[in-house]
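Data first, discussion second: the structure below is written as structure tokens.
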Protein chains: 2
Amino acid sequence: MDKKKVFILGSTGSIGVSTLDVIRLHQDSFEVVGITANRNIELLQKQIEEFNPKFVAVRDEKLALQLKDNLSKDITLLIGNEGIISGTRDADYDILLSALVGFAGLQPTIEGIKRGKRIALANKETLVVAGEIITQLAEEFNSELIPVDSEHSAIFQCLVGEKHKEIEKLILTASGGPFFRKSREELENVTVAEALNHPNWNMGNKVTIDSATMMNKGLEMIEAHWFFNLSPSKIDVTIHPQSIIHSMVEFVDGSIKAQLSKPDMRLPIQYALTYPERLSNSFTNTKLTEIAELTFFKPDLTKFECLQLAFDVMKIGETAPCILNAANEIAVQKFLNNEISFTAIPELIKEALDKIEIKSVVDLETIVECDSLTREYFKV
Amino acid sequence: MDKKKVFILGSTGSIGVSTLDVIRLHQDSFEVVGITANRNIELLQKQIEEFNPKFVAVRDEKLALQLKDNLSKDITLLIGNEGIISGTRDADYDILLSALVGFAGLQPTIEGIKRGKRIALANKETLVVAGEIITQLAEEFNSELIPVDSEHSAIFQCLVGEKHKEIEKLILTASGGPFFRKSREELENVTVAEALNHPNWNMGNKVTIDSATMMNKGLEMIEAHWFFNLSPSKIDVTIHPQSIIHSMVEFVDGSIKAQLSKPDMRLPIQYALTYPERLSNSFTNTKLTEIAELTFFKPDLTKFECLQLAFDVMKIGETAPCILNAANEIAVQKFLNNEISFTAIPELIKEALDKIEIKSVVDLETIVECDSLTREYFKV
């Protein structure tokens, strides 16, 4: 394999750090040409020293200027959202690892797509809010979208060598999060600390709360709908608390294929970088005889209202997923700030879906406008 | 898909009957050109009426002659082992479904291979005793070997689109059979009826006893070793009492793929006929949320001595698997006849492996001779 050049959007987040871990192990196969951070310039500085990228982008302007003094002249420093976007437009890379959190990941990812690069996609919002546009662009510019989420990677792996028309159903597995065994009533009073305590995965705060509300699975469902070009009726969710089976595909003949391993994000990240090859590593050693038991439950959609809302907007389509996504980001932030209760999260989203007009997606502008409108709505 | 012509070796056995079930459902895709039976001419007669094959073979000479009077003139009746072999040599077919039980399946299967046909292989012994010869012949004559056993089909399906060099390990699942929870001491006194009472699968008597001793899994291991051209160290067995995951493949990157469904042999049979396509059916509707729990255990090799013996002969190679296979057939028959106890089965096999010389496999004659020698040994 030739040495592939990787540009990492969001190198200081949990996916970014794991990606650098993978690259560290396979230095003969990969090199880092660009990294970006939001505010964590301390970690960014260490990453620069270790991986010596050509491009570094920092979203926070003040912190960017602070970093500037310590930077070697060979490195191009880019600043703000515009800087991040220009990095993905100008740098020389083969793979864009898109791991920014939230709506901010959309535009730089599009830059990579338009250049026909492989996109290792960890940013859910890209497909959730702009799935139609993104998949069309990817086809037009011959850009490969490879999933990084463990669930979509599992499905992607199960589909290798199989035919799209022979897919009966995708079954996304969900851990059920920290509140799987709590009653609807108990959910009223859960604290931020409880919600941040995920049983299986170590992720960022936003994603961890989304996992507690199961909105995470809802967003993944919508993402899968676009990723794999399947109608909403062919996408389902099963709770599997051990997070060993990362997702499954059922085929028309009744055969089901599953991909499994102990939870470790480095596995799907590596696959997104190396596909269609697989490289040896020592990340996990999954012994089912030690795990002993895998269990499965139907999700309770009256308890996990966010999942029901995601099912609904997936069917509605148009800008409904964009409204859901923006309202959810705001609601989660309010919950993290102790401004609202845990169960108020779906209430805010419902309100947004009621009050904001759902429109058909004409272009990216429709999406940007809908996102802004939703955020504006909550500023009042 | 063109209508494929299928010749079924062993149409009145459980695999044969399931194969006809599959073909009944997909009459636009398949037609039956040949069927064979050992002694069950009553069922054979019904199959002839329904499927109107061109060739019919009966192993028992007297019963064959009895059938002759009722047979239309368009149908060629073939008699005895020689008849079965000549059928697979002369009939016009695309797929040979090889489902004879025991050593008798070897020679007619080779006829199909030498004609470059697709072999849907349900006869374990073909690969267990003559794996080296068979896989070489298949390559030489460009004959496709497709597995029918649910375990090998699962592995075959998991390997679609994957690379051989990236396989880390095959993990064959075993139900553990009816005696999984019995102690070694309790095994001493189990009856034939208890041994025939398999928890998940409805199979022939020989296979069901093999499942109770776990020799079935041992034979499948050796079969997998040849089927997938992997060293014995890359093949392992895990007990999974629910028989939902039919087997798994672990890759070098730590990712594991599994194939699953409710137990129904029609699924892997259909796949062997339709591969690389999948056809719709209503055989199974696997809902993991209803199954709720999948469990996994290490096999106890001191209790299931037959499995240990299979591990041993797989490593030894040469004619050792042939001796094991013949001795096992005889021992199982003796147990079914109430001549020996259940725990005497591995004892007889060990005796045979001790007493009969293990030779390298030069040609098919070596195998036939070794098989005869082993059977002779027990006639004394």
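Note on naming: letters A, B, ... go to the chains in the order of the sequence lines (proteins, then strands), and numbering restarts at 1 for each one.
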Under 4.5 Å between any side-chain heavy atoms of A/Ile256 and B/Gln259, yes or no?
no
Shortest non-hydrogen contact from B/Ser255 to A/Gln157?
OG-OE1, 2.7 Å
For the interface with chain B, which of A/Asn281, A/Ile291, A/Leu260, A/Ile244 has the highest count of heavy-atom pairs at distances below 4.5 Å?
A/Leu260
Donor-acceptor pair, A/Lys257 side chain versus B/Ala258 backbone, under 3.5 Å?
no
Given A/Thr286 and B/Glu250, is the side-chain contact (heavy atoms from CB on, under 4.5 Å) satisfied, shown in steps?
CA-CA 9 Å; A/Thr286 310; B/Glu250 183 174 343; over 6 Å; no
B/Lys298 side chain vs A/Glu290 backbone, donor-acceptor pair below 3.5 Å
no
I need the minimum non-hydrogen distance between A/Thr284 and B/Gly254, along with the two atoms involved.
OG1-O, 3.9 Å
Close approach to chain B in residues 220-240 of chain A, criterion heavy atom under 4.5 Å
A/Thr238
B/Phe296 side chain near A/Leu294 side chain, heavy-atom distance below 4.5 Å
yes
Would you call A/Glu162 and B/Pro276 a side-chain contact if the rule is heavy atoms closer than 4.5 Å?
no
Counting only non-hydrogen atoms closer than 4.5 Å, does B/Leu267 touch chain A with its backbone (N, CA, C, O), its side chain (CB onward), both, or neither?
side chain
Exercise: identify the closest heavy-atom pair between A/Gln270 and B/Asp253:
NE2-CB, 3.7 Å
Region of A/Lys287 in contact with chain B, defined by heavy-atom distances below 4.5 Å:
neither
If you tally heavy-atom pairs under 4.5 Å against chain A, which of B/Val249, B/Leu159, B/Ile171, B/Leu288 wins?
B/Leu288
Please determine, among B/Glu293, B/Arg278, B/Glu166, the option with the most heavy-atom pairs under 4.5 Å with chain A.
B/Arg278
